[in-house]
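Side-chain atoms are counted along with the backbone in the values below, which use heavy atoms only and exclude waters and symmetry mates. A note on names: the letters A, B, ... follow the listed sequences, proteins ahead of strands, and every chain is numbered from 1.
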Amino acid sequence: MTEPTRLTNRQVADILAGVGARLQILDANRFRIIAFQNAAESIRNLAQDINAINAAGELKNIPGVGKGIGDAIHHLLANGSDPEFDALFEQVPQGVVDMMQVPDMGPKKAKRLWEELGIDSVDALRTAAEQGKLRDLKGFGAKSEEKILKGIELLSTRVDERTSIGVARPLALGMIAALKAALPPETIERIEVAGSLRRWKETIGDVDILCVSGQPVLVMEAFRSLPEVAHIAGAGETKSSVVLGNGLQVDLRVVEAKNWGAALQYFTGSKEHNVAVRELALKQGWSLNEYGLTATGSGDAAEGEQRFFAEEADLYAFLGLEWVPPELRENRGEVQAARQHRLPTLVAMGDLQGELHGHTTYSDGTGSVAEMAEAARARGYRYWSVSDHSVGLGIVQGVDADKLRRQRVEIDAYNAHCTEQGIDFRLLQGSEVEILADGALGLSDEVMAGLDVVVASIHSAQRQDRETITARCLKAIYNPHVDILGHPTGRLIGSRPPTEIDMERVLQACRETGTVVEINANPARLDVNDVYARRALELGCKIAINCDAHDVLGMEIAEFGIGTARRGWVTAADVVNTLPLDAMLACLKDVQAKDD
DNA sequence: GCCGTTTTCGGCCCGACTGTTTTCAGTCG
């Protein structure tokens with residue numbers, strides 16, 4: 001019996017989004033459209049495999065999935081297709097859906113161009129615009145053609161539509177610093193990044209900056225004159241949009257001090273979180289916008305009465321909510337938790353006591369053992385684990401048992417120096433041991449037993465099929481000497497997709513064996529991501545937040561790991577490297593085994 | 001089509017901007 005090809009969460013989400021887009025073009029009931037879009041987004045952000053959820057008969061537990069969409073997904077997974085969806089995909093060509101990628105081209109325009117001029121692809125759209133065939137259509141003019149051509153151009157030049165937070169954040173902070181420097185000190189009263197950057201999302205669509213100033217025009221002019229600006233996309237009195245050389249769009253909005261709370265809330269998003277908050281406000285008789293609350297007349301306050309909030313927390317409190325940390329604002333249950341005053345106290349930078357995964361010149365790092373130790377101490381860490389690559393990783397000169405012995409001497413000497421000087425710091429000896437293609441490890445059990453911390457990671461044969469790579473990883477997890485699973489999915493944001501590994505089984509095995517799950521803080525990795533981190537907690541796993549530093553500057557990125565952890569609802573108590581040294585070591589497998 | 005601190009029906013967020021318009025529809029964030 002042959003099974004249909006197994007659909008991934010992303011594929012199911014894409015199909016549902018495709019259905020939503022086609023319903024939009026066909027001008028279906030707008031709430032039905034939203035339902036498909038919500039379900040697609042919900043499944044895209046799911047930690048568990050949709051097939052497993054389906055097998056357990058729990059599709060309807062997915063937020064946004066009810067009977068109708070649930071049944072359709074069931075069909076889709078069982079047969080590889082759904083008759084109703086197939087008909088929709090047949091009716092509206094993919095090219096017409098693609099046309100909606102062009103800026104300012106929505107479903108209404110796409111539909112009319114398709115129906116009235118037979119345009120059914122972006123290419124056909126370009127040709128028609130070039131030939132001036134669009135201006136005859138009611139509602140279109142020469143300017144529309146120009147705009148469409150420009151939009152198509154933009155589409156083809158912009159390869160990645162989202163920018164890594166690792167790139168966007170320094171750029172945004174740099175622009176804020178430059179803007180302050182360019183203006184008299186008192187011009188800007190407050191300024192902060194908002195949007196997905198403030199939420200520490202792993203990729204950023206565009207940068208939103210919010211500021212309070214009594215002289216908005218002055219601020220706008222200074223902003224548009226910054227040297228990074230390649231193109232000015234919009235220039236209003238309180239709002240400007242610019243595009244930087246790398247294609248990143250940055251929006252700056254100036255508001256009055258009394259609107260700061262509502263404006264910061266509004267521009268931080270996410271859209272889904274804001275919708276949930278506004279719905280809640282409406283139920284209490286208030287309409288919420290970026291300026292504040294306006295009474296609708298359905299509550300106690302007289303219609304039209306306004307409330308302003310200098311701080312975000314005041315707005316949340318007025319609605320009966322705890323202040324929601326930006327990282328949680330994704331409408332993943334945070335509004336309800338805030339109502340019940342049961343939001344978690346998220347892990348913060350200051351909680352980290354040390355790190356358990358980093359490299360030195362013994363493998364592919366550029367800092368010596370002592371240099372890395374000094375850098376760790378400068379950050380206020382109490383411990384840092386030297387975990388160079390083991391043998392088995394082809395491209396890197398790995399560390400074998402012999403080299404480890406020499407390294408141990410160096411580490412012992414550094415620790416002795418700390419003891420003499422009365423310095424409360426301890427270097428640990430570890431390894432980032434290679435999980436080989438067959439699941440064997442790059443070091444023997446005997447050697448690993450002599451190490452303080454063992455991180456096990458996959459760097460090769462990442463294209464193995466789901467079953468193979470999962471079994472390979474499980475073998476490492478069940479090894480009694482492996483303490484931490486390093487960057488579990490192997491993804492590189494924007495350049496390499498995650499392996500096909502079955503994270504649900506991996507996390508369950510980590511829970512069962514007491515293997516710690518890493519959040520690798522490298523902004524190109526952020527692995528595990530926010531969603532898997534939260535799932536790991538649900539299953540009862542422990543987390544480690546590590547920079548995987550390869551040089552002394554490599555420890556500066558810890559904040560990205562913290563941001564990802566916070567997005568995953570992680571508290572300090574969930575993270576082993578927030579513990580003092582002895583308590584942290586007691587969480588690791590080897591020590592537990594020795595105690596037995 | 002989904003959902004429930006107005007739960008099995010009747011709701012479902014808000015404002016700015018743009019281009020083509022003489023009052024607005026469409027798009028976006």
Side-chain angles (χ1 to χ4, degrees), chain A residues 16 19-20 23-25 27-42 59-73 84-85 99-113 134-148 150-151 194-196 204-208 210 233-241 249-253 255 259 262-263 265-294 296 298-299 319-321 331 335-336 338-340:
Chain A
L16 293 176
V19 170
L23 290 174
Q24 266 190 307
I25 289 166
D27 202 21
N29 176 290
R30 68 189 180 101
F31 300 112
R32 191 167 169 234
I33 295 165
I34 290 170
F36 275 95
Q37 291 171 336
N38 285 343
E41 215 40 46
S42 187
L59 286 173
K60 288 186 194 78
N61 292 346
I62 301 170
V65 176
K67 177 154 172 41
I69 294 180
D71 287 349
I73 294 173
E84 197 189 335
F85 290 0
M99 279 156 56
M100 289 198 290
Q101 293 297 311
V102 179
D104 299 314
M105 177 70 58
K108 299 290 189 329
K109 286 184 189 171
K111 181 183 198 225
R112 290 195 49 212
L113 292 170
L134 305 186
R135 63 188 68 181
D136 303 335
L137 231 54
K138 192 170 185 291
F140 287 83
K143 215 156 186 178
S144 314
E145 290 174 346
E146 202 179 305
K147 209 168 175 179
I148 284 169
K150 223 170 176 177
S196 50
I204 308 298
D206 51 36
V207 173
D208 293 296
L210 188 67
E237 286 182 11
T238 60
K239 186 188 170 187
S240 286
S241 297
Q249 179 170 322
V250 184
D251 296 343
L252 176 68
R253 178 107 176 209
V255 296
N259 302 122
Q265 197 281 330
Y266 179 89
F267 287 108
T268 297
S270 66
K271 195 177 118 196
E272 291 75 16
H273 172 83
N274 285 358
V275 167
V277 172
R278 276 184 228 138
E279 279 176 357
L280 187 68
L282 266 186
K283 282 180 188 158
Q284 299 173 17
W286 298 90
S287 166
L288 174 61
N289 63 20
E290 63 259 57
Y291 303 108
L293 292 171
T294 307
T296 60
S298 75
L319 297 173
L321 299 173
N331 198 25
V335 175
Q336 196 186 5
R339 284 182 74 151
Q340 298 166 342

inquiry  = Checking A:Asp27 against A:Lys111 for the salt bridge (charged side-chain N to carboxylate O under 4.0 Å, His left out) test, could you report, in this order, the C-alpha distance in whole Å, the side-chain angles of both residues, the deciding distance, and whether it holds?
reply    = CA-CA 9 Å; A:Asp27 202 21; A:Lys111 181 183 198 225; 5.5 Å; no
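- Counting to the nearest Å, the P atom of B:dG29 and the CZ atom of A:Phe267 are 12 Å from each other.
- A:Leu321 is listed as a side-chain neighbour of A:Leu280, based on a closest heavy-atom distance under 4.5 Å.
- B:dT18 and B:dC12 have their P atoms separated by 29 Å, with the value rounded to a whole Å.
- Considering only side-chain atoms of A:Asn289, the nucleotide from B:dC14, B:dT5, B:dT27 that sits closest is B:dC14.
- In terms of position on DNA chain B, the residue among A:Gly139 and A:Lys109 whose nearest nucleotide sits closer to the 5' end is A:Gly139.
- A gap of 34 Å separates the C1' atoms of B:dT8 and B:dG15, to the nearest Å.
- Comparing B:dA16 with B:dT21, their P atoms are spaced 24 Å from each other, to the whole Å.
- Side-chain N/O atoms of A:Tyr266 and base N/O atoms of B:dG15 include no donor-acceptor pair closer than 3.5 Å.
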task = Give the C-alpha distance, both sets of side-chain angles, the deciding distance and a yes or no for side-chain contact (heavy atoms from CB on, under 4.5 Å) between A:Met99 and A:Lys109.
result = CA-CA 9 Å; A:Met99 279 156 56; A:Lys109 286 184 189 171; over 6 Å; no
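- For the pair A:Asn289/A:Tyr266, no side-chain contact is recorded, criterion being any heavy-atom separation below 4.5 Å from C-beta on.
- We find that CD of A:Gln37 is positioned 13 Å from C1' of B:dC28, with the value rounded to whole Å.
- Nucleotide B:dG11 has B:dC2 as its partner under the Watson-Crick or G-U criteria, with both atom distances under 3.5 Å.
- Here the side chain of A:Ser144 is nearest to one of B:dT27, B:dT5, B:dT20, namely B:dT20.
- Under the 4.5 Å side-chain criterion, counting only non-hydrogen atoms from C-beta, A:Phe85 is in contact with A:Leu16.
- When heavy atoms are screened at a 4.0 angstrom cut-off, A:Leu282 is found touching the sugar-phosphate backbone but no base atom.
- When the side-chain nitrogen and oxygen atoms of A:Ser287 are compared with OP1 and OP2 of B:dC14, one or more of them lie within a distance under 4.0 Å.
- In this structure, A:Val65 reaches the sugar-phosphate backbone alone: every heavy-atom distance under 4.0 Å involves primed, P, OP1 or OP2 atoms, never a base.
- Going from atom CD1 of A:Ile25 over to atom P of B:dG26 covers 14 Å, rounded to whole Å.
- Comparing A:Ala142 and A:Arg112, the nucleotide of DNA chain B nearest to each residue sits closer to the 5' end for A:Ala142.
- Dashed line: the shortest gap from a side-chain N or O of A:Lys239 to OP1 or OP2 of B:dA16 is not under 4.0 Å.
- Using a 4.0 Å heavy-atom criterion, one finds that A:Ile33 contacts no nucleic acid atom at all.
- Separation of the C1' atoms belonging to B:dT20 and B:dA25 is 10 Å when rounded to the nearest angstrom.
- When each of B:dA16, B:dC2, B:dT27 is scored by its nearest atom to the side-chain atoms of A:Glu290, the top-ranked nucleotide is B:dA16.
- Proximity note for A:Tyr291 (side chain, C-beta onward) versus B:dG15, B:dT6, B:dC12: the nearest is B:dG15.
- We find that CE of A:Met99 is positioned 11 Å from P of B:dT27, with the value rounded to whole Å.
- Set against B:dT18, B:dG1, B:dT27, the side chain of A:Lys147 has B:dT18 as its closest nucleotide.
- Distance, A:Gln101 CD to B:dT27 P: 13 Å, rounded to whole Å.
- Although no hydrogens or angles enter the test, the distance criterion places a donor-acceptor pair under 3.5 Å between the side chain of A:Glu145 and the main chain of A:Leu134.
- Side-chain proximity of A:Arg32 to the nucleotides B:dG1, B:dG19, B:dT27 is greatest for B:dG1.
- Nucleotides B:dG10 and B:dC17 place their C1' atoms 33 Å apart, quoted to the nearest Å.
- The distance between atom NZ of A:Lys143 and atom P of B:dT18, rounded to the nearest whole Å, is 10 Å.
- A gap of 25 Å separates the P atoms of B:dT23 and B:dC28, to the nearest Å.
- Taking the P atom of each, B:dT5 and B:dG1 are spaced 23 Å apart, rounded to whole Å.
- When the P atom of B:dC2 is taken as reference, atom CD1 of A:Ile62 falls 12 Å away, rounded to whole Å.
- Backbone-only engagement by A:Lys67 is indicated by non-hydrogen atom pairs under 4.0 Å involving sugar-phosphate atoms exclusively.
- For NZ of A:Lys271, the number of neighbouring non-hydrogen atoms (other residues, nucleotides, ligands) closer than 6.0 Å is 12 at most.
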